[in-house]
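Report on the following structure.
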Amino acid sequence: MDSGSAGAGNQLLHLDVQIDELNPRRGILDLLKRLRPRWKAQDIQMKTFTEGITNQLIGCYVGSLQEPGCVLVRLYGRMTELYVDRDREVEMFQVFHAHGCGPQIYCSFQNGICYEFVRGTVLDDELLRQPSIYRLIAAEMGRIHSIQPKCGRPVEPLLWTKMSQFLILVQDSSNSSPAERRCSTSPMAMREVPSIETLSGEMDSLKRHLSQIDSPIVLCHNDLLTKNIIYNHKEGTVKFIDYEYADYNYQAFDIGNHFNEFAGVNEVNYSHYPSRELQRDWLTAYLESYKHGSGREVTVTEAEVTQLYIQVCKFSLASNLFWGLWAILQSRYSSIDFDFHRYAMARLSYYFEKKEEYFGLMLSQRERT
């Protein structure tokens with residue numbers, strides 16, 4: 001067992017343990033001997049959380065999950081190392097925690113990480129629409145977006161490099177033999193997915209259009225679906241968890257990505273996409289928090305809300321293409337029981353449905369010059 005660097009200036013304990021994803025208990029007990037030496041093995045209870053569609057997540061505790069000291073063990077999904085930078089994820093964990101926005105990470109191991117359990121409940125789609133709660137989410141995102149990068153660090157948006165990486169992996173997986181894939185897709189299903197040339201052309205089109213939009217590059221979560229938001233009713237707070245995709249990115253992408261998540265994951269239904277009225281209210285709460293965190297005058301004007309609303313509509317297109325590509329990849333590699341192909345088609349269909357409308361939204365002259 002050894003200790004390795006987390007990449008953020010802090011040493012993170014690394015344990016030389018490989019956990020069997022089919023029979024994880026023995027390996028997890030080895031981890032807990034180091035992390036919770038006072039816990040007796042016979043007293044340790046484990047709960048598997050089923051919200052994730054990328055990784056396995058197991059809560060370990062003595063007594064109650066909601067008591068301090070509970071450890072979350074996350075086992076990385078199959079082949080996710082192809083498109084998730086695990087060192088960067090650990091660094092993001094530490095940045096979020098240092099600013100009071102996320103849980104403490106305890107250690108890494110060969111195929112996962114252990115971190116602090118955030119007390120509260122995972123949000124559901126109904127709570128997401130309640131003004132008292134979505135304003136909390138907006139304010140928390142504003143707070144995170146106002147976290148300043150370390151001095152001298154060049155800040156590049158994650159979006160284009162990550163999407164290009166997805167495209168290359170999708171192309172590579174198309175060229176592989178079915179035996180090399182975990183889940184070979186039926187020829188009928190494959191025909192439904194746009195060609196690699198079409199997808200590549202859409203990314204280029206998006207990049208040309210969105211590069212003209214002056215959306216600030218800020219610290220983003222980039223994957224804010226309901227299962228990654230923990231609501232603590234007693235404290236009246238929300239916290240964001242899971243930082244696999246957290247990095248610097250366009251402000252409007254993070255918000256547009258979250259709005260797309262109103263449509264759900266298991267049964268994607270874009271009739272649940274937030275109304276213009278809900279979005280404007282959400283964006284007002286967000287801007288108040290973002291301005292406050294940035295040390296600026298907190299007054300928010302209607303014009304500012306309108307500008308951000310239009311930027312978010314446009315960047316929500318990038319979110320749909322991004323996760324459409326991701327889901328095509330998952331459909332070919334993931335061992336998790338989820339219909340990734342159907343999910344990919346839902347995201348890409350909505351992208352094509354809204355592209356012309358959102359490209360046609362006009363920003364003010366100041367924004368376009």
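The basis for the numbers below is simple: all heavy atoms, side chains too, and nothing from hydrogens, waters or symmetry mates.
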Answer with yes or no whether the side chains of [Y] and [X] bring together a donor and an acceptor at under 3.5 Å.
X	Y	answer
Tyr134	Gln279	no
Glu244	Asn222	no
His145	Asp254	yes
Thr299	Glu297	yes
Tyr270	Arg347	yes
Ser319	Ser316	no
Arg342	Ser331	no

*Partner residues of Tyr231 under the side-chain hydrogen bond (donor to acceptor under 3.5 Å, both in side chains) criterion, sequence neighbours left out*: His233

Evaluate whether atom [atom1] of [X] has more than 12 neighbouring non-hydrogen atoms of other residues, nucleotides or ligands under 6.0 angstrom away.
X	atom1	result
Glu357	CD	yes
His97	NE2	yes
Arg26	CZ	no

Nearest-0.5 Å distance that lies between atom [atom1] in [X] and atom [atom2] in [Y]:
X	Y	atom1	atom2	answer
Asn111	Leu75	CG	CG	5.5 Å
Leu32	Cys114	CG	SG	7.0 Å
Ile336	Thr80	CD1	OG1	8.5 Å
Leu321	Glu202	CG	CD	7.0 Å
Asp172	Leu82	CG	CG	9.0 Å
Ile28	Lys33	CD1	NZ	13.5 Å

How are the rings of [X] and [Y] set relative to one another: parallel (under 30°), tilted (30 to 60°) or perpendicular (over 60°)?
X	Y	result
Phe93	Tyr115	tilted
Tyr273	Tyr350	tilted
Phe166	Phe322	tilted
Trp282	His258	tilted

When you measure from the side chain of [X] to the backbone of [Y], do you find a donor-acceptor pair of N or O atoms at a distance under 3.5 Å?
X	Y	result
Asp223	Asp242	no
Ser200	Ile196	no
Thr284	Arg280	yes
Glu304	Thr301	yes
Thr161	Leu158	yes

Membership question, hydrophobic clusters at under 4.5 Å side-chain separation (ILVMFWY): are [Y] and [X] in the same one?
X	Y	value
Leu363	Leu361	yes
Leu199	Leu169	yes
Ile168	Met79	no
Phe240	Val312	yes
Leu29	Leu35	yes

*Step by step, would you call Trp39 with Tyr61 a ring-ring contact (aromatic ring centres under 6.0 Å, His included)?*
CA-CA 9 Å; Trp39 285 4; Tyr61 59 99; 8.3 Å; no

*asked:* Does Val122 form a side chain to side chain contact (heavy atoms under 4.5 Å, CB included) with Ile230? I'd like the steps, not just the answer.
replied: CA-CA 5 Å; Val122 173; Ile230 306 296; 3.8 Å; yes

For the student: nearest non-hydrogen atoms of [X] and [Y], plus distance:
X	Y	result
Leu15	Arg34	CD2-NH1, 3.6 Å
Leu224	Asn257	N-ND2, 3.6 Å
Ser146	Ser294	CB-OG, 3.6 Å
Ser289	Ala139	OG-O, 2.6 Å
Lys314	Tyr358	NZ-O, 2.9 Å
Leu12	Ser108	CD2-N, 3.9 Å

_Before you tell me yes or no, could you show the steps for Arg119 and Glu67 under salt bridge (charged side-chain N to carboxylate O under 4.0 Å, His left out), namely the whole-Å CA-CA distance, both residues' side-chain angles and the distance that decides it to 0.1 Å?_
CA-CA 8 Å; Arg119 284 180 281 176; Glu67 288 173 22; over 6 Å; no

*Tyr248 vs Cys220, side chain to side chain contact (heavy atoms under 4.5 Å, CB included): CA-CA, chis, key distance, verdict*: CA-CA 6 Å; Tyr248 291 91; Cys220 293; over 6 Å; no

*Mind running side chain to side chain contact (heavy atoms under 4.5 Å, CB included) on Glu261 and Thr226 for me, showing each step along the way?*
CA-CA 7 Å; Glu261 298 297 350; Thr226 49; 6.0 Å; no

*Please walk me through it: do Asp247 and Lys162 pass salt bridge (charged side-chain N to carboxylate O under 4.0 Å, His left out)?*
CA-CA 11 Å; Asp247 212 323; Lys162 185 65 79 175; over 6 Å; no

*Hey, which of Tyr343, Phe253, Tyr351, Tyr245 is the one that makes ring pair (Phe, Tyr, Trp, His ring centres under 6.0 Å) with Trp323?*
Tyr245

*Answer yes or no on whether Arg143 is positioned over the face of Tyr290, meaning its NZ or CZ is under 6.0 Å from the six-membered ring centre and within 45° of the axis.*
no

*Cation over ring, Arg86 on Tyr76, under 6.0 Å and within 45°?*
yes

_What verdict does the side chain to side chain contact (heavy atoms under 4.5 Å, CB included) test give for Val90 and Tyr243, after you've listed the backbone C-alpha separation in whole Å, the side-chain angles of each residue and the deciding distance to 0.1 Å?_
CA-CA 8 Å; Val90 166; Tyr243 310 116; over 6 Å; no

_Stepwise ring-ring contact (aromatic ring centres under 6.0 Å, His included) check, Phe359 with His209_ = CA-CA 8 Å; Phe359 268 25; His209 187 82; 3.9 Å; yes

